[in-house]
2 protein chains.
Amino acid sequence: MPKKVDHDARRRELTDAVCRITLRAGLGSATFRQVAAEAGVSVNQVQYYFGTKEGLLEATQEHVGERSIERLMSWIEATDGSARAVLGAFLKSFVPVDEESRMAMLMYVALYTEGVVEAMGDPSANPTRKTEVEMMYATVLEQLQRGPLQKDVDAEAEATLLTALGPGVGLYVLDGTMTAESAYATVDHHLDRLFVT
Amino acid sequence: MPKKVDHDARRRELTDAVCRITLRAGLGSATFRQVAAEAGVSVNQVQYYFGTKEGLLEATQEHVGERSIERLMSWIEATDGSARAVLGAFLKSFVPVDEESRMAMLMYVALYTEGVVEAMGDPSANPTRKTEVEMMYATVLEQLQRGPLQKDVDAEAEATLLTALGPGVGLYVLDGTMTAESAYATVDHHLDRLFVT
DNA sequence: CGGTTTCTCATACAGACGTACTATAACAGC
DNA sequence: GCTGTTATAGTACGTCTGTATGAGAAACCG
């Protein structure tokens, strides 16, 4: 086996190029040629590592997802481990505050449409995201049940709301209609109401 | 002035074609040729009424926004006019339940990215959406202040949360990770907590 | 050291893209 | 009825797209 090359690393460099281009000029500008130029390689290398464009975009989505989870984990590790703090970290990880998180949120939205359209044609396709969100919901619910909660809080209903709140504020912060501070304040205010301090 | 033609109506037919194509195959498939074929007219007619592709997409976004507002108004008119009911209608209008609302939500997301990327390059550009959301927030706040609210409710903080909740649940329902019933229940549950019944 | 596999590049291709251009049909006003 | 504006269609152009192909460099195995 000649010329060992770290395929995963190479692929990641290329999907990173996709993200940078998308951030700068939109997903429509992420063509094979543009991606190759951005990464400083030949067009064929993109073909070689992904085969087709669909493969490139799928890998990009996957990598962005992994990055987001990593970022979430580092947020959680920075807390004291209380349910309240973990949920706060979870929700705040959706808020785009720096270049990286802004990129993650943008890629999420940019790739979202294609997934939805695809899923409409074939509802059985792409179960990844569905289970992903189900895991999100389960995690939120689990943390809520750790408590201590206020008396009249319905954990399951609140879990649904919190799961939707993350992307909701994320979108508004991304397009500049809400400041990150306001998003944080909203999250904190709501959690304050749920938990006994 | 020869051959009077209702320009607005013609333009709307064409932007409707854009929406149908996007729903079926994604925004990337909404090319001049495809749009012309979908509407049953010549390619040049699309050029004639919008000039450039950017013009076509801008008009599409505008039309979709108008449709959404119309739908929201009809939702509100079906209520008893109480603050609680109006807010419920407002939030539920984001939930895609039929072909039309699903299309509206999808178009919203599909066109969102380009707006964000554009706004990043020139933050002063595209103030439409910003004021749009500010109006949304103002409306929600206004309704909240009509009350009657529970004792310890911070109207401004809740207004921010509710404004983010609409698109949040809308996204999840659109991609099938949440049922419309669940979204409705979440909205109702939260409003129940805010208002004195 | 030769051979095989892995990698990289450059180029070619057919098709689709947005747009410009020209010509023709339809109506309004004199 | 003629004239000029408006609307529509058809087509051509240059560019860019994703992908296929062939040729060459690099490294491991025997």
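All of these numbers come straight from a predicted model, not from anything done at the bench.
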Between B:His7 and D:dT6, is there a side-chain N or O to OP1/OP2 distance below 4.0 Å?
-> no
Among the candidates D:dT19, D:dT8, C:dT19, find the nucleotide nearest to the side-chain atoms of B:Arg10.
-> D:dT8
B:Ser42 side chain near D:dT8 phosphate (N/O to OP1/OP2, under 4.0 Å) = no
Tell me: CD of B:Glu54 to C1' of C:dT19, nearest whole Å?
-> 14 Å
Does B:Met73 sit in a hydrophobic cluster with other residues, and if so which ones, taking ILVMFWY side chains as linked at heavy-atom separations under 4.5 Å, directly or through other members?
-> B:Ile69
By nearest-heavy-atom nucleotide on DNA chain C, the more 5' of A:Val43 and B:Gly51 is A:Val43
Compute whether any side-chain donor of one residue and acceptor of the other, for A:Arg84 and A:Gln143, lie under 3.5 angstrom apart.
-> no
Would you indicate which nucleotide in D:dT8, C:dC17, D:dG18 comes nearest to any side-chain atom of B:Tyr48?
-> D:dT8
Distance only, no hydrogens: is a donor on one side chain within 3.5 Å (strictly under) of an acceptor on the other, for B:Asp80 and B:Ser82?
-> yes
For B:Arg11 and D:dT8, what is the distance between atoms CZ and P respectively, to the nearest whole Å?
-> 13 Å
If we ignore angles and hydrogens, is there a donor and acceptor under 3.5 Å between the side chains of A:Asp175 and A:Thr177?
-> yes
D:dG18, C:dC7, D:dT8: which one has an atom nearest the side-chain heavy atoms of B:Gln45?
-> D:dT8
Rounded distance in Å - CG (B:Asp6) to C1' (D:dT8) | 17 Å
If you take atom types as modelled and just measure distance, does the side chain of B:Gln47 reach the base of C:dA20 with a donor-acceptor pair under 3.5 Å?
-> yes
Any side-chain donor-acceptor pair under 3.5 Å between A:His190 and A:Glu158?
-> yes
Ignoring the backbone of B:Arg33, work out which of C:dT6, C:dA10, C:dG18 is nearest its side chain.
-> C:dG18
Hey, is the side chain of A:Thr52 poking within less than 4.0 Å of OP1 or OP2 on D:dG18, counting only N and O atoms?
-> no
Could you tell me the separation between the NZ atom of A:Lys53 and the P atom of D:dC16, rounded to a whole number of Å?
-> 15 Å
To the nearest Å, give me how far apart CD (A:Gln34) and P (D:dC16) are.
-> 9 Å
Take atom CZ of B:Phe50 and atom C1' of C:dC17, then tell me their distance rounded to the nearest Å.
-> 18 Å
For B:Tyr49, which contact category applies under a 4.0 Å heavy-atom criterion: base, sugar-phosphate, or nothing?
-> sugar-phosphate
To the nearest Å, how far apart are A:Glu13 CD and C:dC7 P?
-> 14 Å
Distance, rounded to the nearest Å, where B:Asn44 contributes CG and C:dA20 contributes P = 11 Å
